[in-house]
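What follows is a single structure, written as structure tokens, with notes after it.
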Number of protein chains: 2
Amino acid sequence: MEKPNIKILLAEDDPNLGTILKAYLEAKGFPTTLCINGQEAYNMYLKEVFNFCILDVMMPVKDGFTVAREIRKVDKKIPILFLTAKTMQEDILEGLKIGADDYLTKPFSMEELLLRINAIHRRTSPEISGDSDKTFFRIGKYSFDYSRQILKIEDQEQKLTSKEAQLLKMLCDRINDVLDRSEALTKIWLDDNYFNARSMDVYIAKLRKYLKDDPTVELLNVHGKGFKLIAD
Amino acid sequence: MEKPNIKILLAEDDPNLGTILKAYLEAKGFPTTLCINGQEAYNMYLKEVFNFCILDVMMPVKDGFTVAREIRKVDKKIPILFLTAKTMQEDILEGLKIGADDYLTKPFSMEELLLRINAIHRRTSPEISGDSDKTFFRIGKYSFDYSRQILKIEDQEQKLTSKEAQLLKMLCDRINDVLDRSEALTKIWLDDNYFNARSMDVYIAKLRKYLKDDPTVELLNVHGKGFKLIAD
DNA sequence: ACCCTGATTTAAAAAAAGTTAAGCCATGTT
DNA sequence: AACATGGCTTAACTTTTTTTAAATCAGGGT
């Protein structure tokens, strides 16, 4: 039962601390992506799916607060933990206002960090579902706004129906990984039967049509398993 | 999700910890009143209505236990959580005797505090309605005064009928989330049948017309489920 | 190569949502 | 009492979204 599979987005400009943290977290079983500034972190956030953010407050190019605000716009739930230099109480206040789940003042012990991550994650996601609360995604040249149900490429907007949007979101949550047929059917169509499976096929075909304008994006079938959305 | 609307009375004499806690709790959606000593806390308790008390044990003028005893005299049910300096068993015992619901020893993580509040509140008040008693809303560039039944954008006022206002309020209570068709029908139209559903569609159309002056605001349909009001 | 099953595509039918306008009914006015 | 008004419902019709159907294609094994 103990299979957390929390993917961590870590933004830390000090390469020393950054690599140490990444190594530590991965040793503890959390796949971690390290970004060396806020801009890079935000781009990474849109492209892949994470379950936890650790953001240094002071970073070049884009500070941690700005990143957090941008992330909060499209994901109200993902846990955010700030790393802030000691003595900066105002920082803490600012961060909490944005909706941080916790903060740590440097220097801190790795163990403390681990404790916080586990505590937060225990509260925020009792069930391991594979689905995020993200609502905005990048798929190659496309951008996909799930809550507005809009798929855009170079100012060309395609309005999506709710079923189309649900399915595409589920594919995005597992980008470059297979989405199980029966999982999608149970979650979106509420029943895994022959007719719903045919219906799903129709929607896959529609999504392929919408996504054909960027050749690097592919929605491929994994025979007998499900579908995989491929993008840079 | 849940919408607890818990008003918290927080008594903490350390201004640093006090403001941070207040900011954190408010960011998590709990309106919090901070008092810097026990006497002030008790006065505040008598003046306003709270649903939760967090009391530091050691405070000048009047300590947390005394406040708790006074509060318990007039309210046997309000949840009380103590903050105690260190692991003083006697303190804890004393507090529990008074009728505390929980305690936390400093230093503690915000996360831990939030967990306790949620746990206690779940225990003490099980019902969740989804509807607030809020009466004023911001919808993108619009402002909506439910009690006056007025929808305004840039000094342009639109008077709403009561059905229009009821429906819009219900959508605002679940902004960026789906309002279930049948829920709205049962609550506003008192019966979920074909004709009322058609009637509701007419009102949705009217609301869309009223809301068209801010393109970032969208009232979209979620097929087979209901409607979702999108706005930042 | 052959077969079976799963996947794909297109078209049609069915269900849900949207639009417009007419009608109804309670209220207040002359 | 007759009339006007505004709010709401009903009705008929259109459009969109989803499901079903049917014909064809592809993958993996014997």
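Residue numbers start from 1 in every chain, and the chains themselves are labelled A, B, ... in the order their sequence lines are given, proteins ahead of strands.
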Phosphate OP1/OP2 of dC8(D) contacted by Ser162(B) side-chain N/O (<4.0 Å): yes

- prompt: Where along residues 207-230 of chain A does a heavy atom come under 4.0 Å from DNA chain D, residue by residue in number order?
  reply: His223(A)

task: Quickly work out the Glu164(B) CD to dT9(D) C1' distance and round it to whole Å.
output: 14 Å

message: Tell me whether the side-chain N/O atoms of Arg181(A) come closer than 4.0 Å to OP1 or OP2 in dA7(C).
response: yes

query: Has Thr161(B) got a side-chain N or O lying under 4.0 Å from the OP1 or OP2 atom of dG6(D)?
result: no

message: Between P on dC8(D) and CG on Leu190(B), what's the gap in Å once rounded to a whole number?
response: 13 Å

message: Please tell me whether Phe65(A) and Phe82(A) form a close aromatic pair, meaning their ring centres lie under 6.0 Å apart.
response: yes

- prompt: To the nearest Å, how far apart are Tyr194(B) OH and dA15(C) P?
  reply: 13 Å

- request: May I ask you to test the Ile78(A)-Ile71(A) pair for a side-chain heavy-atom distance under 4.5 Å?
  value: yes

- request: Give the intermediate values and the outcome of side chain to side chain donor-acceptor pair (under 3.5 Å) for residues Asp201(B) and Ser199(B).
  value: CA-CA 5 Å; Asp201(B) 286 340; Ser199(B) 195; over 6 Å; no

statement: Here the distance between atom C1' of dA11(C) and atom CG of Asp201(A), to the nearest Å, is 16 Å

query: Is any side-chain N or O of Trp189(A) closer than 4.0 Å to OP1 or OP2 of dT19(D)?
result: yes

- request: Kindly indicate whether the side chain of Leu190(B), heavy atoms from C-beta on, has any atom under 4.5 Å from the side chain of Asn196(B).
  value: no

statement: Comparing nearest nucleotides in DNA chain D, the 5'-proximal residue of the pair Leu160(B), Asn193(A) is Leu160(B)

- prompt: Counting side-chain heavy atoms from CB outward, which of dT8(C), dT10(C), dT10(D) is closest to Val202(A)?
  reply: dT10(C)

- prompt: NZ of Lys159(A) versus C1' of dT16(D): gap in Å, rounded?
  reply: 12 Å

- request: Take the protein atom CG of Asn196(A) and the nucleotide atom P of dA21(D), then report the distance between them rounded to whole Å.
  value: 12 Å

- request: Could you work out which one of dT19(D), dA21(D), dT8(C) sits closest to the side chain of Phe195(A)?
  value: dA21(D)

query: Does Lys73(A) make a cation-pi contact with Tyr42(A), if we ask for NZ or CZ under 6.0 Å from the ring centre and within 45° of the axis?
result: no

message: In whole Å, I'd like the distance from the CZ atom of Arg198(B) to the C1' atom of dC8(D).
response: 16 Å

- prompt: Any side-chain N or O of Lys206(B) less than 4.0 Å from the OP1 or OP2 oxygen of dG18(C)?
  reply: no

message: Do the side chains of Asp177(B) and Arg174(B) get close enough for a salt bridge, i.e. N-O under 4.0 angstrom?
response: no

field: Tyr203(B) six-ring face occupied by Lys206(B) cation (under 6.0 Å, within 45°)
entry: yes

- request: To the nearest Å, give me how far apart NZ (Lys163(B)) and C1' (dT10(D)) are.
  value: 14 Å

